[in-house]
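Inspection log for the structure reproduced underneath, given as structure tokens.
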Amino acid sequence: TGGLPRFSSPPNGVLFAFSRLLFAYLQPRIQEICKNVYPADPSQVDERLAADILRDSKDPGALGVMASGAKLPPPRTLNELFAEYGGPVLVLQG
């Protein structure tokens, strides 16, 4: 893995506490954030979209999904993966 040290994720309690804080910060700002994400036509961001996202963020498993992202190892480049694979690779270009 290119000499990278073994990945160790933070403890679950820390991950869930950080997730709660992040959700508390983001939930009241959903509509504003969506308008910034879709600047080409912010009129498409309406109350219903914001309410749907807010509802989903209050799902009991939402904090776990957010926390699980921190448990993923650091991403590896395609060159590293190809070198590890060692076999032929078909590259399509269009």
Side-chain angles (χ1 to χ4, degrees):
T1 60
L4 293 175
R6 185 176 171 91
F7 179 74
S8 176
S9 65
N12 283 342
V14 172
L15 293 176
F16 277 94
F18 178 76
S19 295
R20 281 189 191 95
L21 290 171
L22 187 60
F23 274 39
Y25 174 77
L26 294 176
Q27 285 174 335
R29 297 167 178 79
I30 290 173
Q31 195 161 2
E32 173 189 340
I33 292 167
C34 286
K35 286 182 180 181
N36 289 330
V37 171
Y38 302 106
D41 191 4
S43 66
Q44 294 296 315
V45 178
D46 58 8
E47 292 290 330
R48 181 175 176 184
L49 175 64
D52 288 346
I53 294 171
L54 179 62
R55 182 196 65 229
D56 292 343
S57 74
K58 292 181 177 182
D59 185 276
L63 287 174
V65 170
M66 183 67 73
S68 68
K71 292 185 174 194
L72 296 173
R76 297 170 58 196
T77 66
L78 285 177
N79 288 340
E80 289 176 313
L81 296 173
F82 288 148
E84 187 177 304
Y85 171 65
V89 177
L90 175 64
V91 178
L92 302 176
Q93 297 186 143

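Keep in mind that the numbers below use all heavy atoms, side chains included, and drop hydrogens, waters and symmetry copies.
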With hydrophobic residues grouped by side-chain heavy-atom distances under 4.5 Å, do [X] and [Y] end up in a single group?
X: Y85; Y: L90; result: no
X: V89; Y: L81; result: yes
X: F16; Y: F18; result: yes
X: I53; Y: V65; result: no

Interatomic distance, [X] atom [atom1] to [Y] atom [atom2] [nearest 0.5 angstrom]:
X: I30; Y: S57; atom1: CD1; atom2: OG; value: 4.5 Å
X: L22; Y: Q27; atom1: CG; atom2: CD; value: 9.5 Å
X: E47; Y: L54; atom1: CD; atom2: CG; value: 11.0 Å
X: K35; Y: D46; atom1: NZ; atom2: CG; value: 9.5 Å

At their closest point, which heavy atom of [X] faces which heavy atom of [Y], and how far apart are they?
X: A62; Y: D56; value: CB-O, 3.8 Å
X: L49; Y: Q44; value: CD2-O, 4.5 Å
X: P39; Y: P42; value: O-CD, 3.3 Å

Other residues, nucleotides, ligands: >12 heavy atoms within 6.0 Å of F23 CZ: yes
Exceeds 12 heavy-atom contacts within 6.0 angstrom, atom CZ of R55: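 More than 12 within 6.0 Å, yes.
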Close side-chain approach of I33 and N36, heavy atoms under 4.5 Å: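 They are not in contact (no side-chain heavy atoms under 4.5 Å apart), so the answer is no.
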Backbone N/O of R29 and side chain of E32: donor-acceptor pair under 3.5 Å: no
